[in-house]
Amino acid sequence: MAMSMGKMAKMLQKAQQAQQQVQQEIAAMQREGTAGGGVVKAVVDGHKNLLALTIAPEVLEDADAEMLADLVVAAVSDAQRQIDREVERKMSSLAGMLGLPPGLGG
């Protein structure tokens with residue numbers, strides 16, 4: 001049974017609207033990653049840009065530059081992994097809504 005052009009156009013429009021909504025939700029996301037038991041915190045947005053970095057003062061008292069750098073990298077990576085998981089979840093949800101097989105939503 002062939003789908004009419006009008007019905008297909010409506011489905012495509014609905015798909016585009018859903019994709020735009022998901023993209024807006026991703027852009028608005030913020031996640032916090034931590035390292036060193038929370039002494040370093042990093043906040044990234046949905047595009048994985050670093051928005052904020054907090055370092056507990058006690059870390060700076062015996063500051064080992066290499067250790068501090070490792071903690072910063074770990075906190076940023078933690079936040080970015082959280083964003084990746086959330087984006088994957090949203091894209092899977094979008095793919096399901098559009099009737100696509102898993103893995104084809106992004």
Side-chain angles (χ1 to χ4, degrees):
M1 181 169 160
M3 186 181 300
S4 73
M5 291 300 283
K7 189 171 184 179
M8 183 179 271
K10 284 182 183 180
M11 281 182 56
L12 287 173
Q13 183 179 13
K14 183 178 178 182
Q16 288 174 337
Q17 289 171 344
Q19 184 178 11
Q20 288 173 348
Q21 180 180 347
V22 167
Q23 287 173 343
Q24 289 172 352
E25 290 172 7
I26 289 169
M29 267 193 260
Q30 290 187 5
R31 294 294 181 270
E32 179 180 89
T34 61
V39 295
V40 176
K41 297 178 182 177
V43 178
V44 298
D45 66 15
H47 297 292
K48 297 197 261 185
N49 297 309
L50 181 62
L51 301 177
L53 180 66
T54 306
I55 301 170
E58 62 267 20
V59 174
L60 300 174
E61 291 170 7
D62 350 298
D64 169 343
E66 188 175 328
M67 180 211 49
L68 182 56
D70 288 345
L71 289 172
V72 168
V73 169
V76 171
S77 294
D78 181 38
Q80 290 175 335
R81 277 190 302 273
Q82 291 180 46
I83 289 292
D84 286 341
R85 283 192 299 267
E86 185 67 15
V87 167
E88 184 177 324
R89 188 185 67 74
K90 287 187 177 298
M91 295 309 287
S92 292
S93 174
L94 177 62
M97 188 170 65
L98 300 177
L100 298 174
L104 294 180

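- Atom NZ in K10 sits 11.5 Å away from atom NZ in K14 (nearest 0.5 Å).
- Considering all non-hydrogen atoms of both residues, A42 and A79 come closest at O-CB, 3.7 Å.
- Listed by first then second residue, pairs satisfying salt bridge (Lys or Arg N to Asp or Glu O under 4.0 Å) with a partner in residues 37-52 read K48-D84, not counting sequence neighbours.
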*asked:* I'd like to know whether T54 forms a side chain to side chain contact (heavy atoms under 4.5 Å, CB included) with V40, so could you lay out the CA-CA distance, the side-chain angles of the two residues, the decisive distance to 0.1 Å, and finally the verdict.
replied: CA-CA 6 Å; T54 306; V40 176; over 6 Å; no
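- Here CD of Q19 is found 11.5 Å from CG of L12. Values are rounded to the nearest 0.5 Å.
- Applying the side chain to side chain contact (heavy atoms under 4.5 Å, CB included) criterion to K90, with sequence neighbours excluded, gives V22, E25, I26, M29, E86.
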Identify all side-chain donor-acceptor contacts of residues 65-78 below 3.5 Å with residues at least two apart in sequence or on another chain.
{"residue": "S77", "atom": "OG", "partner": "V73", "partner atom": "O", "Å": "2.9"}
{"residue": "D78", "atom": "OD2", "partner": "T34", "partner atom": "N", "Å": "2.9"}

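- A distance of 8.5 Å separates CD of Q82 from CD of E32, quoted to the nearest 0.5 Å.
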_Determine whether R85 and E88 satisfy the following criterion, side chain to side chain contact (heavy atoms under 4.5 Å, CB included), listing intermediate values before the conclusion._
CA-CA 5 Å; R85 283 192 299 267; E88 184 177 324; 5.7 Å; no
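- Grouped with L51 in one hydrophobic cluster are V43, the linkage being side-chain heavy-atom contacts under 4.5 Å among Ile, Leu, Val, Met, Phe, Trp and Tyr residues.
- For A56, the side chain to side chain contact (heavy atoms under 4.5 Å, CB included) test picks out V39, E58, V59, with sequence neighbours left out.
- Put simply, the side chain of V44 does not reach to within 4.5 Å of the side chain of N49, judged on heavy atoms.
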